[in-house]
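Here the structure is laid out as structure tokens; the discussion comes afterwards.
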Amino acid sequence: MRKVSISLFLTIAFILVLSVETPAMGTEWQIIWDEDSTIVENVQTSNEDLAANLCNWGFVAGNSKGTFSRHTADWNMYNSLEGKFPITVTTKNRGLFAVSVIGTDNNLATDITKDLAEPINLQITVPGFYIKNTGERISGTTSQWKLMPGWTESYNKDYLTKCIVFDGLILGLSTFLLGIFVIILLFFRATSRVDNIIEEEYSIENYLAEQAEINENKKDDK
């Protein structure tokens with residue numbers, strides 16, 4: 001009986017151990033590209049070495065343990081950082097919009113994650129729409145990648161994503177000027193219509209024709 005009780009206790013304990021949820025392994029790295037060109041990075045990690053490294057490169061610790069954030073003015077400044085996530089961004093302006101390519105950066109000297117021996121769940125949010133994308137779309141503007149250690153060396157694409165981003169200032173100015181042009185066009189069309197009506201009603205030819213008709217009617221009356 002005693003042996004049965006011990007066996008039952010061990011079985012229950014084993015089941016309880018298996019049922020305990022194992023903490024998710026890996027690091028969450030979120031990169032948000034705001035409409036004002038600001039790059040916001042949010043990182044959540046349990047790796048102490050990475051946490052110390054983040055603080056050395058301008059990240060600010062959050063209220064929760066293992067959470068960090070950093071703001072960078074734009075991609076030009078991000079590309080020149082001495083410590084960053086291993087990506088680089090190139091942009092070609094096309095007037096109202098720009099085509100941006102987010103690709104990998106194999107420069108180990110600037111790679112904050114180079115010594116990280118665990119998976120990284122990367123999320124990127126863009127203020128536009130994707131034209132080519134190697135990640136998994138989780139919303140209209142956000143994609144994610146499951147990256148294993150050393151992924152930059154084995155990645156078989158020269159980009160993570162390609163997207164089109166509209167210039168808010170130029171787009172707003174163009175819309176404003178287009179609106180003014182439409183208003184001016186409608187004004188001149190309305191003015192031209194009024195001029196035609198006035199010309200038809202009060203032109204000299206019409207006046208002379210009316211006078212001739214009046215005189216003819218007077219003659220008939222006589």
Side-chain angles (χ1 to χ4, degrees), residues 16-91 100-130 132-163 165:
L16 289 175
V17 169
L18 290 180
S19 64
V20 174
E21 184 177 355
T22 304
M25 297 298 293
T27 293
E28 304 284 334
W29 204 299
Q30 184 183 48
I31 299 177
I32 302 173
W33 182 1
D34 280 344
E35 293 181 355
D36 63 355
S37 298
T38 303
I39 313 303
V40 181
E41 293 174 274
N42 297 314
V43 181
Q44 182 173 359
T45 183
S46 58
N47 187 292
E48 294 182 359
D49 292 335
L50 176 60
N53 213 12
L54 291 175
C55 292
N56 291 334
W57 295 115
F59 282 81
V60 178
N63 294 328
S64 301
K65 183 179 180 181
T67 60
F68 304 86
S69 64
R70 179 174 67 176
H71 292 66
T72 308
D74 52 37
W75 283 119
N76 288 332
M77 183 172 290
Y78 192 90
N79 289 337
S80 64
L81 291 175
E82 295 182 359
K84 62 187 181 71
F85 195 86
I87 59 171
T88 185
V89 179
T90 56
T91 298
S100 296
V101 180
I102 302 178
T104 59
D105 187 355
N106 294 319
N107 185 3
L108 294 178
T110 60
D111 183 2
I112 298 178
T113 68
K114 62 184 177 182
D115 297 323
L116 190 62
E118 60 186 45
I120 300 175
N121 180 30
L122 173 66
Q123 289 187 7
I124 297 179
T125 301
V126 301
F129 60 90
Y130 298 101
K132 289 185 177 181
N133 194 23
T134 62
E136 176 188 358
R137 292 278 292 276
I138 59 177
S139 75
T141 58
T142 302
S143 293
Q144 70 177 5
W145 292 259
K146 303 290 185 179
L147 305 174
M148 303 305 293
W151 68 273
T152 55
E153 298 178 358
S154 59
Y155 204 71
N156 57 6
K157 295 281 188 179
D158 58 354
Y159 62 89
L160 289 171
T161 187
K162 297 181 181 181
C163 58
V165 178

Is there any salt bridge (charged side-chain N to carboxylate O under 4.0 Å, His left out) pair reaching into residues 101-113, and which pairs are they, with sequence neighbours excluded?
Lys84-Asp105
Can you name the ring pair (Phe, Tyr, Trp, His ring centres under 6.0 Å) partners of Trp145, sequence neighbours left out?
none
Checking Asn133 against Thr161: is there a side-chain donor and acceptor pair closer than 3.5 Å?
yes
Here the gap from Lys162 atom NZ to Ile102 atom CD1, rounded to the nearest 0.5 Å, amounts to 12.0 Å
State which residue, out of Thr72, Thr142, Ile87, fulfils the side chain to side chain contact (heavy atoms under 4.5 Å, CB included) condition with Ile31.
Ile87
Is it the case that atom NZ in Lys132 sees more than 12 heavy atoms from other parts of the structure closer than 6.0 Å?
no
Donor-acceptor contact below 3.5 Å, side chain Tyr159 vs main chain Thr134:
no
For Pro149 versus Pro119, what's the shortest heavy-atom pair and its separation?
CD-N, 4.3 Å
Roughly how far, to the nearest 0.5 Å, is the CD1 atom of Ile124 from the CD1 atom of Ile32?
11.5 Å
Set of ring pair (Phe, Tyr, Trp, His ring centres under 6.0 Å) partners for Tyr155, sequence neighbours left out:
Trp151
State, with a plain yes or no, whether a side-chain heavy atom of Gln44 is found less than 4.5 Å away from one of Thr27.
no
Could you give the distance from CD (Glu136) to CD (Gln144), rounded to the nearest 0.5 Å?
4.5 Å
What pairs with Phe68 under ring pair (Phe, Tyr, Trp, His ring centres under 6.0 Å), at least two apart in sequence or on another chain?
none
Give me the atom names and distance for the closest heavy-atom approach of Thr141 to Gly128.
CG2-O, 3.7 Å
Over all heavy atoms of both residues, which pair between Arg70 and Gly83 is shortest? Give the atoms and the distance, please.
NH1-O, 2.9 Å
Check the pair Ile112 / Leu50 against side chain to side chain contact (heavy atoms under 4.5 Å, CB included), numbers first and verdict last.
CA-CA 8 Å; Ile112 298 178; Leu50 176 60; 3.7 Å; yes
Would you say Asn47 and Thr45 are linked by a side-chain donor-acceptor pair, where the criterion is simply a distance under 3.5 Å?
no
Under the side-chain hydrogen bond (donor to acceptor under 3.5 Å, both in side chains) rule, what pairs show up with a residue in residues 52-68, not counting sequence neighbours?
Asn53-Trp57
Return the CD1 to CG distance between Ile39 and Asp74, rounded to the nearest 0.5 Å.
7.0 Å
Could you point out which residue of Asn42, Thr113, Leu116 forms a side chain to side chain contact (heavy atoms under 4.5 Å, CB included) with Trp29?
Thr113
So how far is it from Glu153 CD to Asn106 CG, rounded to the nearest 0.5 Å?
7.0 Å
If you measure from OG1 on Thr110 to CZ on Phe85, what distance do you get to the nearest 0.5 Å?
11.5 Å
Quick check: does any side chain N or O of Asn79 sit under 3.5 Å from a backbone N or O of Val89, one acting as donor and the other as acceptor?
yes
Partners passing ring pair (Phe, Tyr, Trp, His ring centres under 6.0 Å) against Tyr130 (at least two apart in sequence or in another chain)
none
